[in-house]
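To keep things clear, I will list the structure first and then write my remarks on it.
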Amino acid sequence: QVQLVESGGGLVQAGGSLRLSCAASGSISSINAMGWYRQAPGKQRELVASITSSGSVNYADSVKGRFTVARDNAKNTVFLQMRSLRSEDTAVYYCYATGVATSDSNYFRSYWGQGTQVTVSS
C-alpha cells in the first residue's frame with residue numbers, strides 16, 4: 001500500500017514563506033509525476049505545481065514566480081517552496097503522485113495525501 005504524507009503547512013502572514021513536503025512510502029518502484037493541488041473553501045480543487053521524474057515542471061499562472069516545486073526521486077519526496085504568500089493562497093494543499101509502479105502490481109496508479117492547511121493572514 002502506498003501512502004503520501006504531507007508536512008509543513010501552517011499559518012503565515014502575507015508576504016511570508018512556507019515549505020511543504022510530501023513523502024511517498026510503500027513498495028514503490030517508480031513514480032512518473034508528483035505535485036500539489038489546492039482547494040480553497042467553496043472552490044474547486046486546482047493544480048498548483050507538478051514535476052515529472054525527469055524534472056519537467058508546470059505551474060498554475062497564479063503561483064508562477066512565487067512557488068517552486070522540487071523533487072527527490074531517490075526518496076520519493078516532493079517539495080513546494082512558497083514565497084510572497086497572499087491571502088488568496090489560503091487553502092488545503094494536497095500532494096499527489098501519478099504513474100506509480102509498485103513491486104506487487106502490474107498497474108500504474110495515482111495516490112493522494114491527506115492534505116495540509118495553509119492559511120495566509122493579511
Side-chain angles (χ1 to χ4, degrees):
Q1 184 72 12
V2 174
Q3 289 188 324
L4 273 61
V5 179
E6 300 130 334
S7 60
L11 174 64
V12 64
Q13 288 189 334
S17 299
L18 278 176
R19 186 175 187 250
L20 304 182
S21 300
C22 171
S25 62
S27 54
I28 297 169
S29 300
S30 63
I31 301 175
N32 181 22
M34 300 184 77
W36 299 87
Y37 275 75
R38 68 185 180 186
Q39 187 166 21
K43 294 188 177 182
Q44 290 188 332
R45 191 175 293 192
E46 62 173 354
L47 176 67
V48 176
S50 64
I51 182 167
T52 68
S53 56
S54 60
S56 295
V57 298
N58 184 43
Y59 295 99
D61 288 342
S62 59
V63 307
K64 284 181 180 177
R66 300 188 298 122
F67 290 12
T68 302
V69 63
R71 180 171 167 175
D72 184 334
N73 288 330
K75 296 182 178 180
N76 293 323
T77 301
V78 64
F79 307 95
L80 185 67
Q81 179 67 52
M82 304 184 291
R83 298 181 176 89
S84 301
L85 283 161
R86 307 166 181 169
S87 57
E88 53 263 39
D89 295 318
T90 295
V92 178
Y93 284 69
Y94 297 91
C95 168
Y96 76 94
T98 64
V100 181
T102 57
S103 58
D104 57 356
S105 175
N106 294 324
Y107 299 98
F108 293 95
R109 290 189 168 91
S110 298
Y111 297 89
W112 290 90
Q114 79 284 359
T116 186
Q117 177 70 46
V118 171
T119 302
V120 184
S121 63
S122 56

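Hydrogens, waters and symmetry mates play no part in the numbers below; they use all other heavy atoms, side chains included.
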Just by distance, no angles: are the side chains of T90 and E88 close enough, under 3.5 Å, to form a donor-acceptor pair?
no
Does the side chain to side chain contact (heavy atoms under 4.5 Å, CB included) test come out yes or no for I31 and R71, once each step is laid out?
CA-CA 11 Å; I31 301 175; R71 180 171 167 175; 3.5 Å; yes
So how far is it from [X] [atom1] to [Y] [atom2], rounded to the nearest 0.5 Å?
X	Y	atom1	atom2	answer
R38	K43	CZ	NZ	8.5 Å
Y59	R66	OH	CZ	12.0 Å
S62	D89	OG	CG	7.0 Å
N73	M34	CG	CE	9.0 Å
R109	T98	CZ	OG1	14.0 Å
Q114	Q3	CD	CD	9.5 Å

Row check, Y94 ring normal vs R45 NZ/CZ: under 6.0 Å, within 45°
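So R45 does make the cation-pi contact.
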Between [Y] and [X], is there a side-chain heavy-atom distance shorter than 4.5 Å?
X	Y	result
L11	Q117	no
T116	L20	yes
V2	T102	yes

Can you list every ring pair (Phe, Tyr, Trp, His ring centres under 6.0 Å) pair that touches residues 97-122, not counting sequence neighbours?
Y37-W112, Y96-W112
Closest contact, heavy atoms only, [X] versus [Y]:
X	Y	value
G115	V92	CA-CG1, 3.8 Å
A14	S122	CB-CA, 4.2 Å
A40	A91	N-CB, 3.8 Å
A24	L4	CB-CD1, 3.9 Å

Taking C95's backbone N and O only, do any of them form a donor-acceptor pair with E6's side chain (distance below 3.5 Å, no angle check)?
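Here the side-chain-to-backbone pair exists.
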Can you list the steps and then say if M82 with V118 is a side chain to side chain contact (heavy atoms under 4.5 Å, CB included)?
CA-CA 10 Å; M82 304 184 291; V118 171; 3.9 Å; yes
Inspect the surroundings of CD in E46 and state if more than 12 heavy atoms from other residues, nucleotides or ligands are less than 6.0 Å away.
yes
Set out, in order, the CA-CA distance, both residues' side-chain angles and the distance that settles side chain to side chain contact (heavy atoms under 4.5 Å, CB included) for F79 and T68, then state yes or no.
CA-CA 8 Å; F79 307 95; T68 302; over 6 Å; no
Side-chain donor-acceptor pairs of residues 47-57 under 3.5 Å, sequence neighbours excluded:
unit_1: T52; atom_1: OG1; unit_2: S54; atom_2: N; d: 3.4
unit_1: T52; atom_1: OG1; unit_2: S54; atom_2: OG; d: 3.0
unit_1: T52; atom_1: OG1; unit_2: G55; atom_2: N; d: 3.4
unit_1: T52; atom_1: OG1; unit_2: S56; atom_2: N; d: 3.1

With a 4.0 Å cut-off, would you call D61 and K64 a salt bridge?
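Salt bridge present between D61 and K64.
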Any side-chain hydrogen bond (donor to acceptor under 3.5 Å, both in side chains) involving residues 10-32? Give me the pairs, sequence neighbours left out, ordered by first then second residue.
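Counting only pairs at least two positions apart or across chains, no side-chain hydrogen bond (donor to acceptor under 3.5 Å, both in side chains) contact touches residues 10-32.
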